[in-house]
Asks: 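Mind looking over this structure? Questions follow.
Chain naming here is simple, since letters A, B, ... match the order of the sequence lines and numbering starts at 1 in each.
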Amino acid sequence: MHYYKTKGDSSMRLSNYFLPTLKETPADAEMESHKLMLKAGLIRKVTAGIYDYLPLGFKVLNSIEEVVREEMNRAGAQEIKLPIIQPATLWKETGRWEDFGPEMFKLADRKDREFALGPTHEEIITDMVRNELNSYKDLPLVLFQINDKYRDEIRPRHGVMRSREFLMKDAYSFHATQESLDETYERMYDAYARIFDRLGLNWVAVEAPTGLMGGSYSQEFMALADEGGEEIVVCESCDYSSNVEIAKYEVSSKGDGKGPSKLKKVETPGMETVEEVAEHLGISSQKVVKTFIYRTDDGLVAALVGGDDDIEEMKLINHLGTKKAEMVSSQQEIKEITGANFGSIGPVGLDDDIPVYADLDVKSFTNFTVGANEDGYHLTNVNWERDLEDVNFINLRKVNRGDSCPECGSELEFHKSIEVGQIFQLGTKYSDSLGGKYQDETGNLNPYIMGCYGIGISRLIPAVIQQNYDSRGINWTSEVTPFSAELIVLGSEDEKSFQLGEKLYEELKKRNYEILLDDRETSPGFKFNDADLIGIPVKIIIGPRGLENGVLEVEFRSGNKEEIEVENREIEQIAEKLGEGISASA
RNA sequence: CGGGGAGUAGCGCAGCUUGGCAGCGCGUCUGCUUUGGGAGCAGAAGGUCGCUGGUUCAAAUCCAGUCUCCCCGACCA
């Protein structure tokens with residue numbers, strides 16, 4: 001149970017609080033949390049992906065930030081603050097000036113020196129510690145900051161869900177040994193679990209791709225949400241879970257059990273799709289193996305999956321250790337490379353310089369069909385080894401509905417989610433390229449082993465809303481809510497109601513509750529609806545109708561109501577009683 | 001960057017096809033009435049119709065260019 005301590009003596013009277021709520025939904029909002037953040041007066045858009053936080057939104061942001069800070073401190077991390085403006089030179093040392101490319105907001109000073117607004121801080125922090133952390137005795141060390149990040153997103157969307165300026169908690173750890181990294185990584189995982197639990201999120205941690213951060217292992221923390229943009233798979237019976245982009249699956253044996261038949265070249269005139277070829281030949285479409293040509297940093301590769309499956313490009317990238325893999329998609333290029341148009345390309349007879357990668361699922365195939373690299377022809381009864389040497393079988397296809405867990409064989413569940421945090425085992429990527437070294441017990445110099453740990457603080461606001469709203473508005477969880485209760489005074493000319501409202505406001509403030517007082521001269525319905533829209537968990541309603549019966553009303557955001565006696569009671573007693581109600585809602 | 005859509009009062013929109021006083025609802029301001037689930041009446045303020053150029057006696061409306069924003073895809077906390 002947590003109360004909200006008053007941080008200052010600011011007046012929380014709605015008559016003088018900057019809270020512009022909207023009755024109508026802004027046209028450019030799509031996602032429910034985005035609409036609600038605009039309607040409830042939390043944020044306003046400045047330009048694409050850049051937002052103002054109004055008092056209520058800033059308060060929520062601060063609540064979340066504080067929970068994160070507390071748990072990071074509890075986990076032994078030390079808070080610092082790194083610059084947002086960073087010199088290009090550091091980014092060029094690690095090669096990420098190119099890797100991030102147009103994703104970075106770049107600027108120049110008056111002498112034309114290049115800078116960037118930090119999209120993340122690995123470079124700057126490694127630079128900071130490389131001169132100071134020289135001995136194994138200084139390790140391990142965990143530092144964190146809560147700071148704005150800048151990414152010139154290809155497409156900002158859904159308000160602060162994916163914005164170009166966003167608040168992030170980022171932590172970095174430095175170690176002498178992998179065991180030490182493992183230990184810290186686990187401690188960070190636990191801290192994250194506490195954070196997301198305290199925020200009231202329904203979340204799951206999944207295995208994740210490392211992307212531009214690099215590193216060997218990573219997990220993402222996902223808030224489950226139907227409108228979320230990330231898809232994950234979760235095993236229903238064991239604890240396997242993963243981002244779909246790298247998800248494993250139980251490899252099924254789909255061999256036909258027969259020995260290899262004679263390789264045949266067959267006519268498939270004008271057929272461009274797997275379905276057409278399968279129907280023409282009277283075979284299952286899955287066994288018409290698809291071939292794609294990708295251009296990577298190290299040249300061309302061929303990628304093969306079953307006819308019913310799709311390639312997961314992230315998996316190809318991960319296996320190849322390349323920075324990018326782009327499907328060759330121009331008819332002309334494909335013709336030059338393979339000799340055929342898209343419908344008829346295949347792995348047999350390709351240039352030896354083009355390595356072939358095939359999905360694990362097709363490894364068991366015998367007598368399957370592929371394009372013949374000649375327009376209007378396919379090869380059937382193709383078999384590995386005999387017809388195709390040196391094929392690399394890897395986890396390459398997208399996971400499908402109905403796939404089974406790679407660890408226990410139960411069915412995998414698919415969920416939509418919002419990524420709210422990610423933790424990485426980075427290894428020595430940054431310490432290597434930036435020369436961050438320590439001396440071990442024997443006097444040898446070694447690069448630090450590093451980890452990094454991010455939480456999207458601003459993104460957590462829509463994540464929490466997305467899991468907690470109804471037709472009337474937001475329904476804040478207890479640690480996130482900007483106010484723990486709202487005093488609604490009705491009957492603007494009723495002296496008794498007014499006096500009681502004022503006294504209770506002061507009395508509850510004295511008890512360190514964050515109370516919003518709706519003292520506006522407007523209709524009751526307006527006040528009730530605003531309170532529900534902005535998500536205050538408890539409404540304390542004071543008005544002549546109740547006072548005639550000697551009571552005031554407490555209404556919870558859930559709709560439950562309760563009456564509290566005020567007749568013949570001291571104000572302290574009433575406040576005490578109200579405090580119990582407010583705490584009970586938390 | 002590819003595909004789709006939109007820029008008219010603070011917000012939501014109509015007007016554009018067929019050129020002719022720039023409108024409606026909500027909000028805002030003033031006054032009176034009203035106060036238990038988005039009050040009523042009366043009055044008022046608020047616009048270079050995204051921008052630039054062109055056609056025309058006349059352009060929100062037609063033409064050309066340009067900028068911005070939103071949605072779907074490739075990237076990410």
Asks: Looking at Phe105(A), does the NZ or CZ of Arg164(A) lie under 6.0 angstrom from its six-membered ring centre and within 45 degrees of the ring axis?
Replies: no

Asks: Taking NZ from Lys45(A) and P from U68(B), how many angstroms apart are they, rounded to a whole number?
Replies: 13 Å

Asks: With a 4.0 Å limit, can you tell me whether Arg520(A) has a side-chain N or O closer than that to the phosphate oxygens OP1/OP2 of G38(B)?
Replies: no

Asks: Among A74(B), G38(B), C76(B), which nucleotide sits nearest the side chain of Glu153(A)?
Replies: C76(B)

Asks: Among the nucleotides C71(B), C76(B), G12(B), which one has an atom lying closest to any side-chain atom of Arg459(A)?
Replies: C76(B)

Asks: Using whole Å, what does the distance between atom P of nucleotide A74(B) and atom CG of Leu316(A) come to?
Replies: 16 Å

Asks: In whole angstrom, what separates Asp494(A)'s CG from G36(B)'s P?
Replies: 11 Å

Asks: Which nucleotide, G36(B), C75(B), C70(B), lies nearest any side-chain atom of Phe528(A)?
Replies: G36(B)

Asks: NZ of Lys527(A) versus C1' of U34(B): gap in Å, rounded?
Replies: 13 Å

Asks: Could you label the plane-to-plane angle of the Phe196(A) and Tyr192(A) rings as parallel, tilted or perpendicular, counting under 30° as parallel and over 60° as perpendicular?
Replies: perpendicular

Asks: Report the base-pairing partner of G37(B) (Watson-Crick or G-U wobble, both distances below 3.5 angstrom), or none.
Replies: none

Asks: In the strands shown, is U61(B) matched to any nucleotide by a Watson-Crick or G-U wobble pair with both distances under 3.5 Å, and which?
Replies: none

Asks: Quick one: closest heavy-atom pair of Ile43(A) and His34(A), and the distance?
Replies: CD1-CD2, 4.5 Å

Asks: Are Tyr189(A) and Phe221(A) an aromatic pair, judged by ring center distance below 6.0 Å?
Replies: yes

Asks: Using both distances under 3.5 Å as the test, list the Watson-Crick or G-U wobble partner of C1(B), or none.
Replies: G73(B)

Asks: Is there a Watson-Crick or G-U wobble partner for U66(B) with both distances under 3.5 Å, and which nucleotide is it?
Replies: G50(B)

Asks: Calculate the interatomic distance between Leu533(A) atom CG and C26(B) atom P; express it in whole Å.
Replies: 19 Å

Asks: Which one, C76(B), G36(B), G37(B), comes nearest to the side chain of Glu230(A)?
Replies: C76(B)

Asks: Arg162(A) CZ to C76(B) C1': how many Å, rounded?
Replies: 5 Å

Asks: Is a donor-acceptor contact shorter than 3.5 angstrom present between the side chain of Glu30(A) and the base of C70(B)?
Replies: no

Asks: Would you tell me if any nitrogen or oxygen in the side chain of Arg155(A) comes within less than 4.0 Å of OP1 or OP2 on C71(B)?
Replies: yes

Asks: Taking pairing as Watson-Crick or G-U wobble with both contacts under 3.5 Å, can you name the mate of U30(B), or confirm there isn't one?
Replies: A42(B)

Asks: Taking any strand in view, what nucleotide pairs with C24(B) in a Watson-Crick or G-U wobble way, both distances under 3.5 Å?
Replies: G12(B)

Asks: Return yes if the base of G27(B) and the side-chain atoms of Glu24(A) contain a donor-acceptor N/O pair under 3.5 Å, otherwise no.
Replies: no

Asks: Do Ile232(A) and Leu224(A) pass the side chain to side chain contact (heavy atoms under 4.5 Å, CB included) test, and can you show the C-alpha distance, the side-chain angles, and the key distance before you say yes or no?
Replies: CA-CA 9 Å; Ile232(A) 59 173; Leu224(A) 298 176; 3.9 Å; yes

Asks: Would you say Asn468(A) and Thr477(A) are linked by a side-chain donor-acceptor pair, where the criterion is simply a distance under 3.5 Å?
Replies: no

Asks: Nearest to the side chain of Met314(A) - C76(B), C71(B), G37(B)?
Replies: C76(B)

Asks: Rounded to whole Å, how long is the line connecting atom NE2 of His121(A) with atom P of C76(B)?
Replies: 19 Å

Asks: Among the candidates C69(B), G38(B), G36(B), find the nucleotide nearest to the side-chain atoms of Ile541(A).
Replies: G36(B)

